[in-house]
Amino acid sequence: MTHAAQPQPQPLPVPAAVGELYDRLTLNAMNDGAFNPNVHIGYWDTPDSDASIEEAMDRLTDVFIDRLGADGSSHVLDLGCGVGGPALRVVAHTGARVTGISVSKEQIRTADRLAAEAEVADRAVFQHGDAMKLPFADESFDAVMALESMCHMPDRQQVLTEACRVLVPGGRIVLTDVFERAPRKEARHPGIDKFCRGLMATMADIDDYVALLHRSGLRLRGILDITEQTALRTGQELAKSAAVEDRPAALDESNFPFSEDAFHPSDLAGVDAFGCLLVIAERP
Ligand SMILES: C[S@@+](CC[C@H](N)C(=O)[O-])C[C@H]1O[C@@H](n2cnc3c(N)ncnc32)[C@H](O)[C@@H]1O
């Protein structure tokens, strides 16, 4: 008789420590000339798309914009806003006002500077804060986005419940999350393990996602496996660009030099089990 492997317990990320990690990543990227306003993977619409990694990163933000339903009268909350690249793109493309929060003070300082340089500091506001406990009133946002940040938050249920609370009825949340595509084995893939340990992240349980949304008060609009368009292709592009000198500096492995067993992007190259989800839900 065979038994399904039991999921191994995942150490939970601690928001303050995640903030310090992103402080260091941000400073390192700036010191190395490797700064990139997007801190996320790319999205390629088709396997034969020849978009660069930078173009594909912007394209992933556009996938969010297409689904957020935001316009010039909207106020959008960006949970885990990084250094503000996606938020500034939402402002530029929709005219919406965006408030971004991050647990990294260094990222907030940088995002404020980029907003001022783009002359949109009145429409793009960034503040240090924890998505687990949002410092905002009920029903104060028309849409919420969480681009590659859920994996660092220790309790997805609490974050989604908070997101639902601050959304107006009918308001949407769009997010990406990471999950294991293949049935769990006794030991998870070493690349996934390194990702979780090195970047203080946990993998979502896709089987539980619909229930998670419902328990948070949200109505599911769509849930999509976008691994082929995102994580797998990003891995392929990194493998290709590692061979040439002018590879995108922000993705350079030297940006992850924190410990002996630090995560390197190449740890996930070709790891089919490392999945990426796109989730769209709304407050009823
Ligand atoms: C991979 S980066 C993505 C940044 C940004 N969304 C982007 O796409 O460029 C993850 C972000 O999540 C933020 N984050 C992680 N845990 C958080 C928490 N509990 N509350 C708020 N932000 C958090 C990090 O500080 C970082 O800005």
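Numbering of ligands and ligand atoms starts at 1, following listing order. Numbers for residues simply follow the sequence, beginning at 1. Since we're looking at a predicted model, the values are computed, not measured.
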ask   = Taking non-hydrogen atoms only, is C81 closer than 4.0 angstrom to ligand 1 via side chain, backbone, both or neither?
value = backbone
note = min-distance protein heavy atom vs atom 12 (O) of ligand 1 -> S149 CB, 3.2 Å
query = Taking the inter-plane angle between the rings of H75 and F141 on a 0 to 90° scale, is it parallel (under 30°), tilted (30 to 60°) or perpendicular (over 60°)?
reply = tilted
ask   = Which atoms of ligand 1 sit under 4.0 Å from any heavy atom of Q107?
value = 24 (C), 25 (O), 26 (C), 27 (O)
query = Can you find an N/O atom of S102 closer than 3.5 Å to an N/O atom of ligand 1?
reply = yes
task = Give the numbers and elements of all ligand 1 atoms closer than 4.0 Å to a heavy atom of G129.
result = 20 (N), 21 (C)
key: Interfacing atoms of ligand 1 (cut-off 4.0 Å, heavy-atom, N38)   = 9 (O)
Least distance between heavy atoms, Q157 atom then T161 atom = O-OG1, 2.7 Å
Audit row: D208, R215, side chain to side chain contact (heavy atoms under 4.5 Å, CB included) steps and yes/no = CA-CA 10 Å; D208 191 37; R215 286 195 299 267; 3.2 Å; yes
note = Checking heavy atoms under 4.0 Å, the part of V103 that sits near ligand 1 is both
query = Do any nitrogen or oxygen atoms of Y22 lie less than 3.5 angstrom from nitrogen or oxygen atoms of ligand 1?
reply = no
query = Do the side-chain N and O atoms of S74 and D71 include a donor-acceptor pair separated by under 3.5 angstrom?
reply = yes
key: More than 12 heavy atoms of other groups within 6.0 Å of E117 CD   = yes
request  = Tell me which part of A131 gets within contact of ligand 1: side chain, backbone, both or neither, using heavy atoms under 4.0 Å.
outcome  = both
task = Could you pull out the closest heavy-atom pair between M132 and Q158, with the gap in Å?
result = O-NE2, 2.6 Å
message = Under 3.5 Å between any N/O of D130 and any N/O of ligand 1: does that happen in this structure?
response = yes
request  = Give the atoms of ligand 1, by number and element, whose distance to some non-hydrogen atom of H40 is under 4.0 Å.
outcome  = 7 (C), 8 (O), 9 (O)
key: Top protein contact for atom 9 (O) of ligand 1, by heavy-atom distance   = V39 N, 2.7 Å
key: Any N or O of L79 closer than 3.5 Å to N or O of ligand 1   = no
query = Among side-chain atoms of S216 and R156, is any donor-acceptor pair under 3.5 angstrom?
reply = no
ask   = Below 3.5 angstrom, do we get any N/O pair linking P15 and ligand 1?
value = no
message = Taking 4.0 angstrom as the limit and counting only heavy atoms of V18, give me the atoms of ligand 1 inside it, by number and element.
response = 15 (C), 16 (N)
message = Regarding atom 6 (N) of ligand 1: of the candidates G80, G82, G100, A16, which has the closest heavy atom?
response = G80
request  = May I ask you to check if ligand 1 and D78 share an N or O to N or O distance below 3.5 Å?
outcome  = no
Non-neighbouring partners of D205 that pass salt bridge (charged side-chain N to carboxylate O under 4.0 Å, His left out), sequence neighbours left out = none
inquiry  = Strictly distance-based, threshold 3.5 Å: is any side-chain N or O of R123 a donor or acceptor partner for the main-chain N or O of G95?
reply    = yes
request  = Any chance you could measure H40, atom NE2, to T61, atom OG1, to the nearest 0.5 Å?
outcome  = 4.0 Å
SB check E55 R59 (cutoff 4.0 Å) = no
query = Going by heavy atoms, is G19 under 4.0 Å from ligand 1?
reply = no
